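Contents: one structure, followed by commentary.
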2 protein chains.
Amino acid sequence: MRIGELADAADTTTKTLRYYEAIGLLPPPDRAPNGYRDYPEAMLWRLDFIRRGQRAGLSLAHIGEILRMRDTGQPPCAHVDALLANRLTELDQQIADLIQLRQTVTALHHTSRAADPATCHAEAICTNL
Amino acid sequence: MRIGELADAADTTTKTLRYYEAIGLLPPPDRAPNGYRDYPEAMLWRLDFIRRGQRAGLSLAHIGEILRMRDTGQPPCAHVDALLANRLTELDQQIADLIQLRQTVTALHHTSRAADPATCHAEAICTNL
DNA sequence: ATGAACCTTCCAGTACACTGGAAGGTCAAG
DNA sequence: CTTGACCTTCCAGTGTACTGGAAGGTTCAT
């Protein structure tokens, strides 16, 4: 399987695949006599795993950690479990922060809608913030 | 007011102030005979405005737009109003996305907690993702 | 006079996940 | 035999808001 075919099959780009290889997310594939990369089918699994990890909000660095544990024969399941638990805590914090911010912005927006345009002089700093 | 004093008063760094000047967020200040920047008190207002804008989740680019409108004598109030309305829409989307992601991660995490370690072989790709 | 604490400019790096483009090699179809 | 679609490497840029550091000038206290 050449890189373009793999990219199509995995719904990504050749640029991205070479990038993943460069950062150690994909192992260096065999090369055809002409120097072209030659991927086995299994790469589709790996890319799918990467996609699933990304959809769970894991960084490529995290996903790489898991992949490299697996590659060296270490079952990464406990690690994955910890990563997910961690991610959940982060998500809760992020959601709480955004909801807090939403309240702030809503209040600001109410003020700005209520502002009398006549009191809005360019010389003064905008009081709506 | 020298740059270090302004930085202290505004609770930021001289690096940040020079950076703000470079991207056009702060006007080039007067210089003392020795070449040192000499800021008027009013810069504290401006920095405070920038801080408030950031707290509302506006980018420095957005804040700069408002500031430059004001600087050229255009009342930016209507613009600020639009920016805030926009920000609100974005926030709602971001919050919805994160809540959706939280559900996905929770489900994944339940699966991983329930997984039998005996079925977790290093050879297989981790099935918890 | 010397050392610390300021200030100046400019260049480059951080994190993240790519993306763009140049310069060149390879291969099948028409 | 040339055109076009592939492939290769390498270097550099995207966006965001800074941050670090080098190399040098200034000011003040001791």
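Note that the coordinates shown come from a computational prediction; the quantities given were computed from them, not determined experimentally. Letters A, B, ... are given to chains in the order of the sequence lines, protein chains preceding strands, and every chain is numbered from 1. Below, each value reflects all heavy atoms present in this structure, side chains not excepted, and no hydrogens, waters or symmetry copies.
- Here B:T16 does not reach the OP1 or OP2 of D:dA17: none of its side-chain N or O atoms lies under 4.0 Å away.
- Residues B:F49 and B:I66 approach most closely at CZ-CG2, 3.7 Å, considering heavy atoms.
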Using a cut-off of 4.0 Å between protein heavy atoms and nucleotide atoms, how would you tag nucleotides 1-8 of chain C 5' to 3' with B, S and -?
-> -----BSB
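- Among residues two or more places apart in sequence or in another chain, the side-chain contact (heavy atoms from CB on, under 4.5 Å) test is passed with A:L44 by A:M1, A:L6, A:A9, A:A10, A:E41.
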Using atom names, set out every protein N or O paired with an N or O of nucleotides 21-24 of chain C below 3.5 Å, distance rounded to 0.1 Å.
from	atom 1	to	atom 2	distance (Å)
C:dG21	O6	A:K15	NZ	2.2

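- Side-chain contact check for B:I50 versus B:L60: some heavy-atom pair is nearer than 4.5 Å.
- For B:E65, there are no salt bridge (charged side-chain N to carboxylate O under 4.0 Å, His left out) partners, not counting sequence neighbours.
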Start with the C-alpha distance between B:L101 and A:R87, add both sets of side-chain angles, then the distance that settles side chain to side chain contact (heavy atoms under 4.5 Å, CB included), and finish with yes or no.
-> CA-CA 10 Å; B:L101 181 55; A:R87 189 73 193 100; 3.9 Å; yes
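- Applying the side chain to side chain donor-acceptor pair (under 3.5 Å) test to residues at least two apart or on different chains, the pairs with a partner in residues 92-104 of chain A are A:D92-B:R102, A:Q93-A:D97, A:R102-B:D92.
- Every side-chain contact (heavy atoms from CB on, under 4.5 Å) that A:R51 has, sequence neighbours left out, goes to A:T12, A:Q54, A:R55.
- Side-chain atoms of B:H79 and B:H62, non-hydrogen and from C-beta on, never get closer than 4.5 Å to each other.
- Distance, B:I63 CD1 to D:dA17 C1': 11 Å, rounded to whole Å.
- In terms of the side-chain hydrogen bond (donor to acceptor under 3.5 Å, both in side chains) criterion, residue partners of A:D48 (sequence neighbours excluded) are, by chain and number, A:R52.
- A pairwise comparison of heavy atoms in A:A56 and B:L108 identifies CB-CD2, 3.8 Å as the closest pair.
- Looking at B:D11 and B:L47, their side chains never come closer than 4.5 Å, going by heavy atoms from C-beta outward.
- Here the P atom of nucleotide C:dC18 and the CG atom of A:D11 are 13 Å apart, to the nearest Å.
- Of the residues in residues 94-101 of chain A, not one places a heavy atom less than 4.0 Å from an atom of DNA chain D.
- Taking atom CD1 on B:I23 and atom P on D:dC18, their separation rounds to 8 Å, with Å as the unit.
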Test log, rule salt bridge (charged side-chain N to carboxylate O under 4.0 Å, His left out), inputs B:D8 and B:R2 = CA-CA 10 Å; B:D8 283 354; B:R2 285 181 311 178; over 6 Å; no
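- If you take CZ on B:R70 and SG on B:C77, they are separated by 11.5 Å, rounding to the nearest 0.5 Å.
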Readout for nucleotides 12-17 of chain C: B = base within 4.0 Å of protein heavy atom, S = sugar-phosphate only, - = neither; 5' to 3' it is -----B
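- Each end of the helix from C:dA1-D:dT30 to C:dG30-D:dC1 gets its own axis from five base pairs, and the two axes differ in direction by 30°, given to 10 degrees.
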Below 3.5 Å, can you tabulate the donor-acceptor pairs from side chains in residues 25-36 of chain A to any protein atom, sequence neighbours excluded?
from	atom 1	to	atom 2	distance (Å)
A:R31	NH1	A:G35	O	2.9
A:N34	OD1	A:Y36	N	3.0

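- Residue pairs that meet the side chain to side chain donor-acceptor pair (under 3.5 Å) test with at least one member in residues 14-27 of chain B, sequence neighbours left out, are B:T13-B:T16, B:E21-B:R37.
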